[in-house]
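Not measured: the values here are computed from a predicted model. Below, each value reflects all heavy atoms present in this structure, side chains not excepted, and no hydrogens, waters or symmetry copies. Below, chain A is the first sequence line, B the second, and so on; all start at residue 1.
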Protein chains: 2
Amino acid sequence: MKKILIYDTTLRDGSQGEHISFSVEDKLHILKKLDELGVDYVEGGWPGSNRKDIDFFRRAQGLKLRHTKVAAFGSTRHPRRSAARDPNLQALIEANTPVVTIFGKAWNLHVKVALGISLEENLGLIRESVAFLKSKGKEVVYDAEHFFDGFKADPAYALATLAAAEEAGADTLVLCDTNGGTLTADICEHFRAASQRVRTPLGIHTHNDGEMAVANSIAAVQQGAVHVQGTFNGYGERCGNANLCSVIPGIELKLGLRCLGKKGLKRLTEISHYVSELANLPPRSDLPYVGKSAFAHKGGIHVSAVMKERAAYEHVDPAVVGNERRVLVSELSGRSNVLYKAEELGLKIDRASPAAKVVVDKLKEMEHDGYQFEGAEASFEILFNKLVHHSREFFELAGFRVITEKQGANESYSEAVIKLRVDGKEEHTAAEGVGPVSALDRALRKSLTTFFPCIQDIRLTDYKVRVLNPKGATDAKVRVLIETSDGHDTWGTVGVSENIIEASWQALVDSITFKLKKEYGYRRQDRQARAAK
Amino acid sequence: MKKILIYDTTLRDGSQGEHISFSVEDKLHILKKLDELGVDYVEGGWPGSNRKDIDFFRRAQGLKLRHTKVAAFGSTRHPRRSAARDPNLQALIEANTPVVTIFGKAWNLHVKVALGISLEENLGLIRESVAFLKSKGKEVVYDAEHFFDGFKADPAYALATLAAAEEAGADTLVLCDTNGGTLTADICEHFRAASQRVRTPLGIHTHNDGEMAVANSIAAVQQGAVHVQGTFNGYGERCGNANLCSVIPGIELKLGLRCLGKKGLKRLTEISHYVSELANLPPRSDLPYVGKSAFAHKGGIHVSAVMKERAAYEHVDPAVVGNERRVLVSELSGRSNVLYKAEELGLKIDRASPAAKVVVDKLKEMEHDGYQFEGAEASFEILFNKLVHHSREFFELAGFRVITEKQGANESYSEAVIKLRVDGKEEHTAAEGVGPVSALDRALRKSLTTFFPCIQDIRLTDYKVRVLNPKGATDAKVRVLIETSDGHDTWGTVGVSENIIEASWQALVDSITFKLKKEYGYRRQDRQARAAK
């Protein structure tokens with residue numbers, strides 16, 4: 001099977017995305033992960049542009065990689081410097097990577113405006129820079145910046161720049177749609193022209209400014225590209241780069257060519273989330289293949305059809321890319337989705353019973369108020385048991401008070417006081433925290449540990465706040481999602497209120513209730529709670 | 001110039017997206033906006049599926065639309081009912097719209113699995129349903145569901161379903177990539193086959209499961225489609241529908257065909273934000289054409305080149321779609337971006353001065369700590385004036401205390417106490433709010449109004465919270481972004497802390513400082529403040 005090489009530039013072009021800033025540690029973590037996944041090349045940064053990238057290359061040399069070749073990125077030499085005395089090329093050599101990628105100008109406009117030299121001089125720049133790197137024993141990837149815009153302006157010149165890099169010995173020539181605005185049909189046509197002119201293996205590098213980066217990459221592979229550049233989750237400057245999380249399954253599952261292989265493909269969803277975690281950006285739920293909604297069905301017709309036949313509304317099997325099917329609950333979906341969801345969580349209910357209607361109605365009302373049970377299945381289960389089995393609370397709140405104080409220019413200080421009752425016994429305690437929610441969380445857990453020692457095992461692993469109607473400003477409603485773990489299991493809970501403390505409180509109470517239910521069961525809680533003491 | 005008809009289904013297919021739920025009011029607002037914009041068709045909902053959509057169509061009849069035709073959506077008749085007695089078709093007639101869109105099955109798999117009838121019976125369903133709607137005087141759009149998957153499975157049958165709808169008088173035949181997994185090259189080939197078989201005008205409806213919905217729509221137009229379906233911002237089930245915010249400028253600016261015209265195109269960014277506002281989803285900043293980052297330059301090289309020549313790194317002029325260029329500040333961008341940004345805000349600084357270095361260093365340090373000045377230009381300006389002009393504070397905080405209390409099952413209650421000093425005079429006051437931040441905001445403004453009456457003019461118009469490291473759970477750092485308006489101007493400010501009250505405080509202080517600076521100027525604030533009293 002033909003193999004297509006994957007060249008990841010999340011660490012370089014990806015970090016040009018707004019809101020993205022990787023630490024050196026983050027970059028090393030991602031590099032290791034991409035190596036595990038079987039990515040062929042990882043472009044680590046531009047050693048000529050900042051200290052952080054120089055650091056990265058120094059530390060990356062210490063890693064034992066199994067598969068990935070690390071590439072350092074830079075440009076052709078400065079117009080007024082020889083290759084041997086160009087500090088940028090020097091920095092590329094010092095990065096000490098097996099692969100060096102340099103970009104050169106393919107667009108006559110750029111040669112004139114950005115470099116201010118003649119078209120002929122630019123060809124010399126390309127030739128000498130590539131030859132210099134080859135003389136140092138590097139594998140050289142040559143990025144033809146703005147190839148497609150250049151081809152539109154002056155096809156012969158754009159092709160001549162490729163030929164210059166080829167003559168000088170470049171190992172791969174990558175055609176770049178740097179401005180990201182080229183149409184798929186033009187990508188195909190210009191790619192064909194290039195493949196008729198040069199014999200060096202060709203690659204493709206696209207941006208998403210026309211929302212076509214993935215389609216353009218796949219089309220180029222169909223035209224013979226054997227090397228594809230992109231980033232995880234499509235991160236990158238402006239509208240981003242070609243999203244490898246869509247390009248890779250496109251190549252493997254739709255074109256039937258090989259890049260990561262089956263094992264790698266199965267880890268795609270996991271790695272996509274890992275990278276967004278380190279980028280400190282919420283994973284986009286609508287991302288193709290790897291997003292949480294990618295195989296989520298909401299319409300009632302879709303749900304019932306997909307139950308009968310997977311292919312009915314799924315273009316690929318979610319398991320192949322490590323993702324899963326989900327069924328959503330909403331006013332569009334009706335009874336069958338709600339009940340499907342309950343069954344999925346192992347909750348039993350007679351579909352025709354009046355209790356089923358109570359659950360459906362209550363859920364719709366709560367979703368309308370801003371609750372969301374995706375990612376908060378524990379809250380769903382607690383609610384379900386309350387409505388269907390009339391389960392009682394494990395504890396009763398007498399009251400709490402959360403205080404945040406600031407004196408002059410000092411940092412704010414938060415503390416919480418709480419009074420709870422369990423079986424008629426009262427516990428009155430206090431705790432401090434870095435903020436009001438943290439103080440409340442600590443006070444709540446401190447007071448309950450006396451009654452339920454298992455509370456000590458749990459810790460919050462995630463806390464998210466979403467302002468539901470930002471235009472309401474500080475009076476807006478907020479939704480808090482909390483994730484809790486006890487070392488074995490992880491569960492999510494939700495709270496909604498105009499008061500962020502109240503919303504957090506709801507999610508905290510559900511988080512603890514879920515743990516207590518795990519330990520003591522719902523129905524027998526009074527008896528068990530007593531026994532536990 | 002050839003005209004391509006735009007068919008918007010944000011209100012129907014778009015609302016199948018996870019996290020999307022429009023009220024009837026929202027839907028009517030969006031319909032009016034799309035009419036203003038010049039969208040040809042708006043699909044309002046499925047009257048056969050829920051009460052909300054029936055309501056919508058009833059109320060939509062009362063609107064005076066200038067351009068848009070409203071369409072009601074449904075399916076071909078039930079296999080065991082005649083067209084005249086089918087409740088779904090009945091509901092479509094009762095919706096009382098000029099246009100009715102129905103989908104029928106083009107994929108033999110679906111006919112068998114979802115409908116459980118013979119291929120021949122399905123052709124009858126299509127023919128009779130279309131003919132029935134035509135007999136009622138409707139313009140009929142026929143959506144060939146799963147046309148492309150159907151074509152792959154059985155080309156002759158998929159084409160036969162189109163012919164059936166054509167014979168019965170359908171006005172437009174829309175080829176749907178319902179599962180969203182078809183490659184662009186296949187879209188082109190199958191589209192050509194359809195256009196050779198039928199003479200009715202053809203449309204295209206794509207989904208984004210392969211991240212190719214926009215490329216596939218544009219490719220279909222190049223193959224002769226004259227009607228394009230999609231949604232604003234690409235909302236829709238799973239990975240969404242073709243994003244009209246990219247399709248429309250693609251058609252107008254890249255293919256040179258007409259759909260909205262220049263005036264409509266200029267409003268695209270505004271309407272994209274309007275729809276995301278009503279969908280209650282944050283606008284995606286990396287959206288092509290209309291996103292906040294779509295023309296944002298971060299790399300130093302890009303910034304300096306784009307200053308010389310717009311086309312250097314911009315595929316279209318941002319003004320044409322109502323967007324604008326931005327220059328970002330980050331560790332990648334260096335000195336020139338920071339100073340460009342300062343100049344953009346009208347702040348003067350000698351680029352070579354030691355003060356310029358102080359500003360650049362401080363900004364980089366703060367961005368590293370989680371501050372973000374995009375959308376918080378007022379905070380940037382205040383900081384700049386502090387560092388460069390050593391401007392003094394308008395007021396001094398002695399201290400505040402914010403208390404949130406909850407008694408038993410009652411809703412939480414928040415109040416704030418604050419003590420401030422202005423020119424040696426102290427003001428000690430208190431206020432309550434729906435949450436702790438709202439209470440603090442009110443107390444702060446109440447106390448300052450005594451000294452600076454102009455504070456009464458301002459109100460907060462937006463409040464956003466972002467948890468920067470969610471894994472830190474309730475100890476995580478949060479960034480608060482506030483937007484303030486005084487009726488004339490709107491400005492954004494930012495605060496960062498592990499304590500949400502502290503972060504909100506920073507943003508609130510900047511928000512008020514910016515207003516006071518507007519009124520009294522920075523340098524003369526002591527004198528002016530006294531005069532104001």
Hey, could you give me the [atom1]/[atom2] distance between [X] and [Y], rounded to the nearest 0.5 Å?
{"X": "S438(A)", "Y": "I500(B)", "atom1": "OG", "atom2": "CD1", "value": "12.0 Å"}
{"X": "W505(B)", "Y": "K406(A)", "atom1": "CH2", "atom2": "NZ", "value": "7.5 Å"}
{"X": "S246(B)", "Y": "M212(A)", "atom1": "OG", "atom2": "CE", "value": "8.0 Å"}
{"X": "E411(A)", "Y": "E502(B)", "atom1": "CD", "atom2": "CD", "value": "4.5 Å"}
{"X": "R238(A)", "Y": "S285(B)", "atom1": "CZ", "atom2": "OG", "value": "13.5 Å"}

Taking side chain as everything from C-beta outward and backbone as N, CA, C, O, which of these in [X] sits under 4.5 Å from a heavy atom of chain A? Side chain, backbone, both or neither.
{"X": "S497(B)", "answer": "side chain"}
{"X": "R442(B)", "answer": "side chain"}
{"X": "I218(B)", "answer": "side chain"}
{"X": "R421(B)", "answer": "neither"}

Do you know which of [options] has the most heavy-atom pairs under 4.5 Å to chain A?
{"options": "G435(B), A294(B), G433(B)", "result": "A294(B)"}
{"options": "D286(B), V402(B), L440(B)", "result": "V402(B)"}
{"options": "P436(B), A219(B), G291(B)", "result": "P436(B)"}
{"options": "G181(B), C239(B), G236(B)", "result": "C239(B)"}
{"options": "V437(B), D209(B), T184(B), V465(B)", "result": "D209(B)"}
{"options": "V214(B), N216(B), T404(B)", "result": "T404(B)"}

Next on the checklist: Can you tell me which of C188(A), S293(A), A215(A) forms the most heavy-atom pairs within a distance under 4.5 Å of chain B?
Outcome noted: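 Counting heavy-atom pairs under 4.5 Å, the top option is S293(A).
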Item to check | R326(A) bridged to E18(B) by N-O distance under 4.0 Å | outcome: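 Salt bridge: yes.
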Next on the checklist: Between Q407(A) and G399(B) (side chain of the first, backbone of the second, donor and acceptor by atom type, cut-off under 3.5 Å), is there such a pair?
Outcome noted: no
Checklist entry - Is the backbone N or O of L183(B) less than 3.5 Å from a side-chain atom of K254(A), with the two atoms forming a donor-acceptor pair by type? => result no
Item to check | Any donor-acceptor N or O pair under 3.5 Å, side chains N243(B), E211(A) | outcome: yes
Item to check | N499(B) versus S414(A), side-chain donor and acceptor atoms under 3.5 Å | outcome: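 Side chains of S414(A) and N499(B): pair found under 3.5 Å.
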Checklist entry - According to the interplanar angle, ranging from 0 to 90°, do the rings of Y313(B) and H146(A) count as parallel (below 30°), tilted (30 to 60°) or perpendicular (above 60°)? => result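 The rings of Y313(B) and H146(A) sit tilted, inter-plane angle from 30° to 60°.
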Checklist entry - Just wondering, more than 12 heavy atoms not from R401(A) lying within 6.0 Å of its CZ? => result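 No, because the 6.0 Å sphere around CZ of R401(A) holds 12 heavy atoms or fewer from other groups.
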Checklist entry - Nearest heavy-atom pair of Q222(A) and A185(B): which atoms, and what distance? => result OE1-CB, 3.7 Å
Item to check | For G210(B) against H315(A), the heavy-atom pair lying closest together | outcome: N-CE1, 4.2 Å
Next on the checklist: Working note: R284(A) + R284(B), criterion side-chain contact (heavy atoms from CB on, under 4.5 Å); need CA distance, chi angles, decisive distance, verdict.
Outcome noted: CA-CA 10 Å; R284(A) 257 182 61 205; R284(B) 256 182 60 202; 3.0 Å; yes
